[in-house]
2 protein chains.
Amino acid sequence: MTKLNRSVERGLSILEVISSNGVCSLAFLAERTGLPKPTILRICATLVQQRWLTQSRSDSRYRVGSRFPRVNSHPDSIDSLVEAGASAILALTDATGLGVDLAAPIGNGRVEIVDTTRTFSEHGIFPDCIGYRPSPFRSALGCAFLAALEPEQEAEYSARLAVHTTGKDRAAALALPAKLREVRAQGFATREDGYWGRAVDYGGIPSAIAVAIGSPGHIVGAVSLIWLAEQHSVASVAKAHLDKLNATAQEIGKLYAANLG
Amino acid sequence: MTKLNRSVERGLSILEVISSNGVCSLAFLAERTGLPKPTILRICATLVQQRWLTQSRSDSRYRVGSRFPRVNSHPDSIDSLVEAGASAILALTDATGLGVDLAAPIGNGRVEIVDTTRTFSEHGIFPDCIGYRPSPFRSALGCAFLAALEPEQEAEYSARLAVHTTGKDRAAALALPAKLREVRAQGFATREDGYWGRAVDYGGIPSAIAVAIGSPGHIVGAVSLIWLAEQHSVASVAKAHLDKLNATAQEIGKLYAANLG
DNA sequence: AATATGGATTTCACTAGGTGGAACGCTATG
DNA sequence: CATAGCGTTCCACCTAGTGAAATCCATATT
């Protein structure tokens with residue numbers, strides 16, 4: 001058997017973690033890959049130098065770079081969505097007292113968080129989530145997006161997503177059809193219990209509900225309300241704020257369409 | 001300065017060569033990257049094991065695998081094009097005595113060779129080119145395709161292509177606008193002198209002329225005539241066969257449209 | 001202001017892991 | 001049958017990668 005190259009293996013696993021999770025800190029990469037930090041630092045430095053990754057100047061976290069052969073993403077449409085959503089999500093935060101996340105599809109059935117109103121002092125949840133790509137199966141945003149798609153497109157994406165799925169996500173992927181039926185029935189998606197429930201990353205375990213933005217067959221994103229699980233139940237937040245969340249989604253959708261037209 | 005990781009660098013350069021050139025043999029990779037073959041073999045074995053590459057069982061050449069975050073390709077439309085072109089390119093070979101290549105766009109401004117009539121004994125040029133992605137700037141097929149696009153789409157693609165361009169291709173990329181004007185003026189595209197002119201890969205230095213298939217704004221591919229440079233000049237082949245080449249392109253375009261309708 | 005915390009980064013001695021020239025086996029060509 | 005070029009294997013060499021520990025640095029806490 002031909003020998004393999006360990007460094008290349010490690011480089012690929014880092015690329016895979018970043019490409020499926022979006023922006024990643026060194027510590028997060030260490031946790032996910034099980035590699036020592038200096039090793040990751042050197043490999044990431046190489047990837048950055050080759051522009052497969054870029055590194056944020058302020059917090060030195062990594063995300064995919066210009067040379068990464070990405071699935072056709074539409075940076076323009078992401079910009080439009082952020083612009084369309086800016087004031088609406090602030091208003092929703094004011095009205096509810098909760099954090100609001102805005103996510104855009106990135107073309108492969110997944111979404112990426114593109115804006116947020118979270119602040120640590122107000123919502124007890126760390127705000128540095130922009131660029132993060134939550135699980136398509138287990139997160140509120142991811143499920144809201146998938147549930148709103150036309151059946152054919154949903155089938156195509158979920159088949160493609162299943163290929164790259166491992167570990168806990170695998171189980172969630174198998175349970176997806178049931179979950180999406182539930183989402184459609186109740187009119188909003190929820191974050192799976194325990195999903196990414198590392199208190200250290202949030203300051204506390206979060207709960208969230210999310211709905212899609214757009215009309216069936218042309219979904220342009222998703223918005224969510226997010227709060228500390230210990231403070232409110234999903235049911236109570238849904239009862240109190242779901243209508244506002246839906247109104248916000250519709251407003252953003254309209255504004256988005258208007259901006260493009 | 002943080003140290004870099006040489007193996008990772010090498011792995012990336014291999015991925016880049018394969019992703020832009022399509023199917024690649026070990027020897028081709030060795031030539032392009034300047035690395036010794038055993039090193040490439042080990043790195044490719046790693047990439048194959050991680051499914052970033054697949055290796056053809058018959059001739060052990062490499063191409064992108066299921067884990068490679070690929071640009072959306074359209075296998076269906078490629079199939080249609082091959083079907084639509086099959087008899088037409090055979091007829092063109094019969095009529096001209098030259099080799100004919102058929103290429104389809106892969107969605108990022110580049111084309112991939114999807115069928116050929118080349119046989120070594122008849123045309124003195126090796127036929128194992130299917131799956132290969134010729135340079136968008138320097139090959140006849142690539143330029144014919146770009147020159148036929150609408151200005152906006154051409155601008156978008158060439159901007160995107162320029163990002164990933166290095167070495168000799170970089171110079172060619174800068175000269176592209178002039179080259180495309182020339183292509184439009186004379187009605188066909190030519191292979192750049194010396195482009196991949198390694199006699200060893202062809203049995204001899206080839207020349208080629210190419211035209212696009214389709215109507216402006218909806219280009220579905222390109223066809224080329226290819227021959228040994230020492231046997232005919234570009235001018236003489238164009239004078240003798242350009243009309244047949246154009247007729248073939250039109251015929252394939254019509255058939256393609258009919259098959260889809 | 002001082003202290004504590006938890007990241008990112010640097011250092012450095014060690015040696016596992018990668019290297020590549022040379023040799024091999026195979027297949028197609030002449 | 002000889003040749004050429006390919007992918008692949010071998011293996012002695014030693015560099016290039018490693019990772020525990022130390023250091024730096026920014027932010028939160030007292």
Side-chain angles (χ1 to χ4, degrees), chain A residues 1-14 18 23-49 53-63 119-122 124-128 198-204, chain B residues 1-14 18 23-49 53-63 118-128 198-204:
Chain A
M1 181 65 194
T2 316
K3 276 190 203 167
L4 300 178
N5 182 312
R6 190 177 51 159
S7 291
V8 170
E9 256 171 27
R10 293 173 164 189
L12 294 184
S13 70
I14 289 173
I18 294 178
V23 64
C24 290
S25 69
L26 187 66
F28 178 87
L29 289 171
E31 139 108 26
R32 274 301 176 91
T33 60
L35 299 171
K37 289 197 284 179
T39 299
I40 298 175
L41 187 75
R42 282 189 299 266
I43 293 176
C44 284
T46 310
L47 294 170
V48 166
Q49 197 223 19
L53 296 181
T54 59
Q55 191 173 18
S56 129
R57 183 171 260 291
S58 60
D59 60 3
S60 78
R61 291 191 304 166
Y62 301 95
R63 66 183 68 210
T119 64
F120 182 74
S121 54
E122 283 194 59
I125 293 167
F126 287 113
D128 50 359
R198 297 197 315 159
V200 64
D201 263 26
Y202 288 95
Chain B
M1 182 63 192
T2 315
K3 276 190 199 166
L4 299 178
N5 183 311
R6 189 177 54 162
S7 291
V8 170
E9 254 171 28
R10 292 173 165 190
L12 294 184
S13 71
I14 290 174
I18 295 178
V23 63
C24 290
S25 69
L26 189 67
F28 178 88
L29 289 171
E31 152 85 25
R32 274 300 175 94
T33 60
L35 299 172
K37 289 198 284 179
T39 299
I40 297 175
L41 188 75
R42 282 188 298 266
I43 292 176
C44 283
T46 310
L47 295 171
V48 167
Q49 197 223 19
L53 297 180
T54 59
Q55 191 172 18
S56 126
R57 184 169 258 294
S58 59
D59 61 1
S60 76
R61 290 192 302 165
Y62 300 94
R63 63 184 68 210
R118 303 185 199 183
T119 62
F120 183 75
S121 55
E122 283 194 58
H123 309 112
I125 292 169
F126 288 114
D128 51 359
R198 296 196 316 150
V200 62
D201 261 27
Y202 290 94

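Because only heavy atoms are used, hydrogens play no part in the values below, and waters and symmetry mates are left out as well, while side chains stay in. Every chain is numbered from 1, with letters handed out A, B, ... down the list of sequences.
- Rounded to an integer number of Å, the gap from A/L41 CG to C/dG6 P is 20 Å.
- Distance check, rounded to the nearest 0.5 Å: CG of A/L35 to CD of A/E9 gives 10.0 Å.
- Spacing between atom CD1 of A/I14 and atom P of D/dG17 amounts to 14 Å, rounded to whole angstrom units.
- Screening B/L41, B/I43, B/I18 for a side chain to side chain contact (heavy atoms under 4.5 Å, CB included) with B/L29, the sole residue that qualifies is B/I18.
- As a whole-Å value, the separation of B/Q55 CD from D/dG7 C1' is 9 Å.
- The phosphate of C/dG20 (OP1 or OP2) has a side-chain N or O of B/R10 nearer than 4.0 angstrom.
- Going from atom CZ of B/R61 over to atom SG of B/C44 covers 13.5 Å, rounded to the nearest 0.5 Å.
- In terms of heavy atoms, B/S7 sits closest to A/V8 at O-CG2, 3.5 Å.
- Between the side chain of A/S13 and the backbone N or O of A/T33, no donor-acceptor pair lies under 3.5 Å.
- In this structure, B/T46 does not reach the C/dG18 phosphate: none of its side-chain N or O atoms is under 4.0 Å from OP1 or OP2.
- Counting non-hydrogen atoms under 4.0 angstrom, A/P36 reaches the backbone sugars and phosphates but no base.
- As a whole-Å value, the separation of B/E9 CD from D/dA16 P is 11 Å.
- Remark: C1' of C/dT19 and CG of A/L4 are 15 Å apart, rounded to the nearest angstrom.
- Note: CG (A/L29) to P (C/dG7) measures 13 Å, nearest angstrom.
- Taking for each of A/K37 and B/L35 the nucleotide of DNA chain C with the nearest heavy atom, the 5'-most of the two is the partner of A/K37.
- Nearer the 5' end of DNA chain C, as judged by each residue's closest nucleotide, is the contact made by A/S7, out of B/P38 and A/S7.
- The side chain of B/N5 sits closest to D/dG17 out of D/dT8, D/dG17, C/dG17.
- Proximity note for A/S25 (side chain, C-beta onward) versus C/dA8, D/dT18, D/dT9: the nearest is C/dA8.
- Picking from D/dG17, C/dT9, D/dT9 the nucleotide with the shortest atom distance to the side chain of A/Y62 gives C/dT9.
- One can place CD1 of B/I43 at 9 Å from P of C/dG18, the figure rounded to the nearest angstrom.
- With hydrogens and angles ignored, no donor-acceptor pair under 3.5 angstrom links the side chain of B/R42 to the base of C/dG17.
- Atom P of nucleotide C/dG20 and atom CG of B/L26 are separated by 14 Å, given to the nearest angstrom.
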